[in-house]
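Down below is the structure, laid out as structure tokens.
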Amino acid sequence: MVGTGQRLRKRTQPRSDRFDLIGFLPPDARHSFEQSVFQRHYASGQGIYDKGDDDAEMFRVVSGEVRLTHLLDDGRELFHTLYRPGDCFGMLSLLDRKPRAQRAEAVGATEVQVLNQRGFDTLRRDHRAFDEALMLLLAGDIRGLIERVNSAKLEGLESRVARCILRYARDTEEGERVANLSQAALAAIAGASRQSVNKVLRDFQSDDLIAIRYAAIVIRDGRGLERRTNPV
């Protein structure tokens, strides 16, 4: 008999980097998930939830993007991560029944699948694979957090900017590799001033590693950009 862990390794992997629940589910659990969710649309900049909210829903991005941030008392905003189509988020509050710890906001017109507490609990009860998928999602989130903490403490700004561009880049239909990030967003992710990040981007552009467009960065030399990162 094949163990559950072995079955998980043989399944199709997620379409997104770490956060796609669907990629970890067998067909029966995937069908149950699709039957349990409903669609919701958000305009660009619209909040999906705020820190302290006690709603009980998790989400899967269908189109558009969602950024997770934390607002400090002095008005500064800390960037946590950017979720893209296929990514799931918000499940922590369904697990521990505690208020939201961050703000989730739509970036561009965004469509999500929504799973409420009742559907969440039913899937956990009826499908062992759903619980296992949740653990894998949380493990991916924790690994990402460890990477960001290590990066912030050990890497120089040039390395952090290069790593962020590579992390958020996606292949386009035109055959380009593009990170759809504004320079302000990139500065927030890298934990530096916009002016400092702009200087690094200009240096990368001068070396023909990237091309800068409106709210986007095109990677021209991926290997060259990787060489600008330091191990953490």
Side-chain angles (χ1 to χ4, degrees), residues 1-70 80-148 170:
M1 179 177 178
V2 179
T4 303
Q6 291 174 296
R7 292 201 303 273
L8 277 172
R9 286 192 290 272
K10 291 180 179 180
R11 291 176 195 149
T12 303
Q13 291 301 302
R15 288 185 291 279
S16 62
D17 289 342
R18 289 188 301 268
F19 304 110
D20 190 0
L21 182 83
I22 294 296
F24 292 123
L25 297 178
D28 60 333
R30 186 180 306 177
H31 176 74
S32 294
F33 176 83
E34 295 288 353
Q35 294 297 308
S36 301
V37 298
F38 57 92
Q39 309 295 113
R40 187 181 291 163
H41 295 81
Y42 294 91
S44 183
Q46 185 176 358
I48 297 172
Y49 56 76
D50 280 303
K51 180 183 176 183
D53 285 355
D54 57 2
D55 60 307
E57 295 175 332
M58 68 168 284
F59 307 86
R60 182 173 184 268
V61 182
V62 177
S63 62
E65 296 175 335
V66 174
R67 67 174 187 157
L68 221 59
T69 60
H70 178 76
H80 176 65
T81 194
L82 186 70
Y83 293 112
R84 292 195 161 148
D87 288 340
C88 295
F89 65 98
M91 50 280 205
L92 195 58
S93 289
L94 277 75
L95 288 167
D96 62 14
R97 312 297 175 99
K98 293 182 179 180
R100 302 291 188 183
Q102 296 158 316
R103 172 178 170 82
E105 179 182 296
V107 180
T110 299
E111 179 183 1
V112 297
Q113 293 174 318
V114 184
L115 181 67
N116 61 25
Q117 186 77 64
R118 181 178 179 181
F120 183 82
D121 292 341
T122 298
L123 284 167
R124 292 188 66 196
R125 183 192 67 215
D126 295 346
H127 297 281
R128 171 71 182 273
F130 184 78
D131 248 4
E132 293 168 342
L134 289 173
M135 288 189 288
L136 291 171
L137 288 178
L138 292 173
D141 213 355
I142 292 169
R143 287 182 180 276
L145 177 60
I146 292 171
E147 178 184 316
R148 288 190 294 274
R170 298 292 185 273

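Throughout, numbering of the chain's residues begins at 1 and tracks the sequence.
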Partners of Phe120 by ring pair (Phe, Tyr, Trp, His ring centres under 6.0 Å), sequence neighbours excluded? Phe130

Check: [Y] main-chain N/O paired with [X] side-chain donor or acceptor under 3.5 Å:
X      : Y      : answer
Arg40  : Val112 : no
Asp131 : Arg128 : no
Ser93  : Ala56  : no
Ser44  : Val107 : no
Gln117 : Leu94  : yes
Asp20  : Ile22  : yes

Before accepting this row, confirm whether a basic side-chain N of the pair Asp54/Arg97 lies closer than 4.0 Å to the acidic partner's carboxylate O.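 A salt bridge is absent here (no side-chain N lies under 4.0 Å from a carboxylate O).
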
Less than 4.0 Å between a side-chain N and a carboxylate O, is that true for Asp50 and Arg100? no

So do the side chains of Leu138 and Leu95 get within less than 4.5 Å of each other, counting heavy atoms only?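 Answer yes - side chains close enough.
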
For [X] and [Y], work out which heavy atoms get closest and say how close.
X     : Y      : result
Ser32 : His127 : OG-NE2, 2.9 Å
Gly64 : Thr110 : CA-OG1, 3.8 Å
Ala29 : Leu123 : O-CD2, 4.5 Å

